[in-house]
Amino acid sequence: MSTEPRRLLVVYTGGTLGMQLTERGWEPGADLAGWLADLMAEHCATVDWELVSLEPLIDSSNAGPDDWQRIVDAVVQHRESHQAFVVLHGTDTLGFSAAATHFALAGQGLPVVLTGAQRSFVVDDSDAPGNVLGAIRCALDERFCQVAVYFDQALLAGHHATKISSTDDHAFDSVNLPPLAVLTDDDELIFTEQPELGVDRPLVAEPKPYWRSDLVVLTLHPGLTAERLAAQLTPPPQAVVLRAYGTGNAPDNDPALLAALSRASEAGTVVVVTTQCPHGAVELGHYAVSQGLLATGAVAGGDFTTDGLVAGLTFLLSQDMAPEQIRSLLRERISGAETEKV
Ligand code: ASN
């Protein structure tokens, strides 16, 4: 491992962190470059760094697979000249972008940290300085070499981080995986789980760029009619993330409901089951009631979040794989993910 200090690239995509208040509400446009230059001069004077802005700057509610790819491209294009990457991003969809960046860069050993803020740097009590400096601290640490999210003094694996509060400084949690590290008030970075080689084993050898696929997230709720579910599956999408109950349960007392899912699977839709619970994994077949769902051809999403599955499925669909190929890769790498972290 090189002992040379890492050269840092900051990739700015937008988000509250650099927003200003306009007549329409908060939107990108504050002088982020000027603020960051002052912050770096005050706290990181010895760091060799560069800023790249991905124009147009966006509220992350507008982010999609094209934007994920722009982040990945920015990192890949600078991987010879820079050794550490911090991505400044809106928090609303940061969990999706972090997972997408993880899948695209898995196995490359690149230290990439996504962060954002709940309040713009223009506000007195902004959480932007702490998050940005913490993210930089992590990205420059020679022990760190994967895609992660830094927020509120914690470093979280990129494919398990999800937004849990629209207002609190503690806006992100790592679901079903302990934080990778915590940053103490004394600026000590304590790794709780060493980033081991193989932890982020790539799903495919040479990933193709992200493109916008026809994927839908569906949530079960008591009283959902088979007609409504069937309408949501017409025409059959390429993939469904099905937010079921508990360990992956769905009602088995309405054959028409399960028939709608079976028809979609037979038509080539990849159905992946996750749980509506904030924590815990899916295990199809654990309860008898889930046998019906299992029989539709649905695949368990393991301990992945909705964010992780949307990004992961979009990644696999972008590889031009046949539905059965995607299902078997999911079964092999995702369904039992609580025992093997991908
Ligand atoms: N709407 C903002 C965004 O995601 C929220 C934030 O960054 N805190 O861009």
Side-chain angles (χ1 to χ4, degrees), residues 10-36 39 51-75 85-102 112-136 138-139 147-156 158-175 179 183 210 212 217 278 305-311 314:
V10 179
V11 180
Y12 179 37
T13 68
T16 297
L17 185 129
M19 285 189 183
Q20 58 184 350
L21 188 56
T22 72
E23 288 166 357
R24 303 175 61 238
W26 289 93
E27 59 185 356
D31 178 19
L32 183 283
W35 172 77
L36 188 62
L39 190 77
L51 173 67
V52 167
S53 290
L54 300 186
E55 305 285 346
L57 301 170
I58 55 169
D59 186 302
S60 76
S61 301
N62 280 325
D66 291 348
D67 301 282
W68 304 342
Q69 191 57 42
R70 289 163 75 208
I71 293 169
V72 171
D73 288 345
V75 171
F85 304 87
V86 166
V87 180
L88 307 181
H89 196 289
T91 58
D92 284 344
T93 65
L94 191 147
F96 295 87
S97 297
T101 307
H102 161 85
V112 181
V113 185
L114 291 89
T115 194
Q118 295 285 45
R119 294 173 303 286
S120 168
F121 74 78
V122 302
V123 173
D124 278 347
D125 68 340
S126 173
D127 53 337
N131 284 342
V132 172
L133 290 172
I136 290 171
C138 296
V147 176
V149 170
Y150 179 86
F151 228 91
D152 193 30
Q153 301 192 247
L155 186 66
L156 319 171
H159 53 315
H160 280 267
T162 202
K163 187 171 179 178
I164 52 146
S165 173
S166 59
T167 49
D168 290 355
D169 283 7
H170 187 73
F172 284 85
D173 257 358
S174 177
V175 175
L183 187 61
Y210 279 104
R212 194 169 184 159
V217 178
T305 59
T306 299
D307 301 17
L309 290 177
V310 167
T314 305

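Just so you know, ligand 1 is whichever comes first in the structure, and atom 1 is the first atom listed for that ligand.
Between D66 and Y210 the shortest heavy-atom distance is OD1-O, 4.5 Å.
In summary, D73 and R70 do not engage in a salt bridge, as defined by a charged side-chain N under 4.0 Å from a carboxylate O. Under 4.0 Å is where a charged nitrogen must lie from a carboxylate oxygen, and between R119 and D124 no such pair does.
No N or O atom of S61 sits closer than 3.5 Å to an N or O atom of ligand 1. The shortest N or O to N or O distance between T93 and ligand 1 is not below 3.5 Å. Checking only distances, T16 does come within under 3.5 Å of ligand 1, N or O to N or O.
In terms of protein heavy-atom proximity, atom 8 (N) of ligand 1 is closest to T91 OG1, 2.7 Å. Here the heavy atom of the protein found nearest to atom 1 (N) of ligand 1 is D92 OD2, 2.7 Å. Scanning the protein heavy atoms around atom 3 (C) of ligand 1, the nearest turns out to be D59 OD1, 3.3 Å. Among all non-hydrogen protein atoms, the one lying nearest atom 9 (O) of ligand 1 is S60 N, 2.8 Å.
Close contacts between ligand 1 and Q118 involve ligand atoms 8 (N) [criterion: under 4.0 Å to a heavy atom].
For A117, the heavy-atom gap to ligand 1 drops under 4.0 angstrom.
The environment of CG in D125 is crowded: more than 12 heavy-atom neighbours from other residues, nucleotides or ligands sit within 6.0 Å.
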Inset, instruction - May I have the step-by-step check of side chain to side chain contact (heavy atoms under 4.5 Å, CB included) for Q118 and T91, ending in yes or no? - result: CA-CA 7 Å; Q118 295 285 45; T91 58; 3.7 Å; yes
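Side-chain contact check for L94 versus K163: every heavy-atom pair is 4.5 Å or farther apart. Between D307 and V175 the shortest side-chain heavy-atom distance does not fall below 4.5 Å.
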